[in-house]
Amino acid sequence: MTAIWCDRCGVARAEGDHTACAAARELEPPRYCPDCRRRMKVQVLPTGWSASCVEHGTLSPR
Amino acid sequence: MADILDRARTQVLERGVGLDESDILEVLTIPDEDLTAALQLAHEVRMRWCGPEVEVEGIVSLKTGGCPEDCHFCSQSGLFTSPVRAVWLDIPQLVEAAKQTAATGATEFCIVAAVRGPDARLMKQMRAGVAAIREAVDIQVAASLGMLTQEQVDELAEMGVHRYNHNLETCRSYFPNVVSTHSWEERWETLTMVRESGMEVCCGGIIGLGESVEQRAEFAAQLASLAPHEVPLNFLNPRPGTPLENQPVLAPRDALRAIAAFRLAMPKTIIRYAGGREITLGDLGTRDGLLGGVNAVIVGNYLTTLGRPATADLELLKELSMPVKALSATL
Ligand code: SF4
Ligand SMILES: [Zn+2]
Ligand SMILES: [Zn+2]
């Protein structure tokens, strides 16, 4: 499924330009669930991170 | 070469005496053509008074977000519409983070919580967490839990926390522009108690909060008068939703000026590259800083943002022939 929402700013990916968001995401974990735009619970560890949405489960680094 | 660098060579390099506020300001405003010489001198000062070792540290957030304070740079304040949600690590996750940190060769592991000061729940979690880490991992444990009472200072020292971080963030005169929910003096009080307890004092701040260059010099002089064991130097990484979200990122040359100036103000202190170095100085900045006065790094990720991979820093240290400070050297 392609993501509907920008996982950094929470705005619809189809709306506006998210190039800056994509660049920033190199050095940030996601904050919004790409499927439902809920704010996710994000944990950053020294060598990784996880981000979870109550509805859509947990994301981690690719 | 600029006069100030001649003076600094005699006073700081040869005698180990840090520059005063007006001399720090001269370094912070040194012309572009003298910047390389300033960084070179800062590097010589670091090698002479601290040696080639680099102290490597990992940090982790035990309690993220939902802080009642309003530090204008911070994405963890509950008072702004930042996307960072409140969340706690459990003890097994904390031990895992310490293990990941130790695996990089780091000797320091700092546990951080986004709070005004610890409550009973946090102190209890710290007690269990520090004990579990000491049981499972060979690493020094540091903590950063905000403002402390005397009882909490004593308790942390007794748990075996060897260093306490509490940043002044910026100089005294600019602090009220950045934080309204507590004062610079309250932070200073905690630092005084920590020092008297025998724990090592770690105190730094953030460059690029909108302070003037004079205020940056004031800040370096105030830190020097505190004489902390370690100074973490952060550069503002403007966070979405915070009052400083539109503050421009510091110009790379000004960040390098700050590194040289802080080293020349504090020749014998551990100066650590902390947050914002990637966004301010890019990949090459880490090298420039390590050859310009910095002698410690935070490796891996930060509290809410990501760093470059620990391996990239460790390879660079190898290339620069700067050994990672060993645990035996810190115990
Ligand atoms: S006290 Fe710490 S966590 Fe809380 S808003 Fe200030 S910097 Fe952020
Ligand atoms: Zn976006
Ligand atoms: Zn979701």
Side-chain angles (χ1 to χ4, degrees), chain A, chain B residues 56-65 75-76 81-90 93-104 106 108-112 139 237-241 245 249 275-280 282-283 298-311:
Chain A
M1 175 162 115
T2 42
I4 307 166
W5 307 101
C6 173
D7 64 8
R8 178 172 193 255
C9 70
V11 172
R13 294 183 61 87
E15 265 169 48
D17 183 2
H18 299 277
T19 323
C21 292
R25 277 278 284 104
E26 298 282 316
L27 288 170
E28 292 173 21
R31 292 288 164 189
Y32 294 92
C33 175
D35 296 333
C36 70
R37 88 184 300 194
R38 277 189 182 87
R39 277 195 311 156
M40 295 188 289
K41 277 199 169 169
V42 180
Q43 288 184 326
V44 176
L45 293 188
T47 59
W49 53 263
S50 67
S52 52
C53 168
V54 281
E55 197 61 37
H56 297 99
T58 300
L59 301 173
S60 48
R62 275 166 297 164
Chain B
V56 177
E57 177 186 61
I59 61 175
V60 78
S61 180
L62 173 59
K63 184 241 168 197
T64 305
S75 66
Q76 302 198 60
T81 53
S82 154
V84 174
R85 270 186 69 177
V87 55
W88 285 73
L89 280 192
D90 60 26
Q93 289 171 313
L94 194 62
V95 173
E96 173 56 30
K99 282 187 178 155
Q100 287 180 6
T101 300
T104 67
E108 291 281 320
F109 179 64
C110 187
I111 303 170
V112 185
I139 200 157
N237 178 357
R239 300 286 73 213
E245 70 176 328
V249 170
R277 71 177 144 120
E278 289 87 354
I279 184 168
T280 305
D283 254 353
I298 289 177
V299 288
N301 296 330
Y302 301 106
L303 301 173
T304 61
T305 60
L306 311 178
R308 56 189 223 139
T311 46

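Please read all numbers here as calculations on a predicted model, not as lab measurements. We name chains A, B, ... by the order of the sequence lines, and we start the count at 1 in each one.
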Distance (rounded to the nearest 0.5 Å) between [X] [atom1] and [Y] [atom2]:
{"X": "A/Tyr32", "Y": "A/Met40", "atom1": "OH", "atom2": "CE", "result": "10.5 Å"}
{"X": "A/Leu27", "Y": "B/Ile279", "atom1": "CG", "atom2": "CD1", "result": "7.5 Å"}
{"X": "B/Thr304", "Y": "B/Asn237", "atom1": "OG1", "atom2": "CG", "result": "8.0 Å"}
{"X": "B/Gln100", "Y": "B/Phe109", "atom1": "CD", "atom2": "CZ", "result": "8.5 Å"}
{"X": "A/Thr47", "Y": "B/Lys99", "atom1": "OG1", "atom2": "NZ", "result": "12.5 Å"}
{"X": "B/Ile111", "Y": "B/Leu89", "atom1": "CD1", "atom2": "CG", "result": "9.5 Å"}

Portion of [X] that has a non-hydrogen atom of chain A nearer than 4.5 angstrom:
{"X": "B/Ser82", "answer": "backbone"}
{"X": "B/Ala97", "answer": "both"}
{"X": "B/Ile59", "answer": "backbone"}
{"X": "B/Ala86", "answer": "backbone"}

Requested in this report: Over all heavy atoms of both residues, which pair between B/Thr305 and A/Glu28 is shortest? Give the atoms and the distance, please.
Outcome: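 Minimum heavy-atom separation between B/Thr305 and A/Glu28: CG2-CG, 4.3 Å.
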Query - For B/Gly307 against B/Tyr302, the heavy-atom pair lying closest together - result: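 Looks like CA-CE1, 3.7 Å.
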Requested in this report: Output yes when a side-chain donor or acceptor of B/Arg239 lies under 3.5 Å from a complementary backbone atom of B/Ser75, and no otherwise.
Outcome: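 No.
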Requested in this report: May I ask you to test the A/Cys33-A/Glu55 pair for a side-chain heavy-atom distance under 4.5 Å?
Outcome: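 Of all side-chain heavy-atom pairs linking A/Glu55 with A/Cys33, none is under 4.5 Å.
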Query raised in the report: Which one of A/Arg31, A/Arg8, A/Glu26 has the most heavy-atom pairs closer than 4.5 Å to chain B?
Result: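 When all of A/Arg31, A/Arg8, A/Glu26 are compared, A/Arg31 has the most.
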Query raised in the report: So which of A/Pro29, A/Pro46, A/Cys9 has the largest heavy-atom pair count under 4.5 angstrom toward chain B?
Result: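 Highest number of pairs under 4.5 Å: A/Pro46.
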Query raised in the report: chain B heavy atoms under 4.5 Å from A/Gln43: which part of the residue, side chain, backbone, both or neither?
Result: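 The answer is the side chain of A/Gln43.
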Report task. Tell me the residues of residues 10-24 of chain A whose non-hydrogen atoms fall below 4.5 Å from those of chain B, in number order. Result ->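 Interface residues of residues 10-24 of chain A: none, nothing closer than 4.5 Å to chain B.
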Query raised in the report: Any idea which of B/Ile298, B/Val84, B/Thr101 has the most non-hydrogen atom pairs under 4.5 angstrom with chain A?
Result: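 Most heavy-atom pairs under 4.5 Å with chain A: B/Val84.
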Query raised in the report: Do you know which of B/Asn301, B/Val299, B/Leu303 has the most heavy-atom pairs with chain A at a distance under 4.5 angstrom?
Result: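 Most heavy-atom pairs under 4.5 Å with chain A: B/Asn301.
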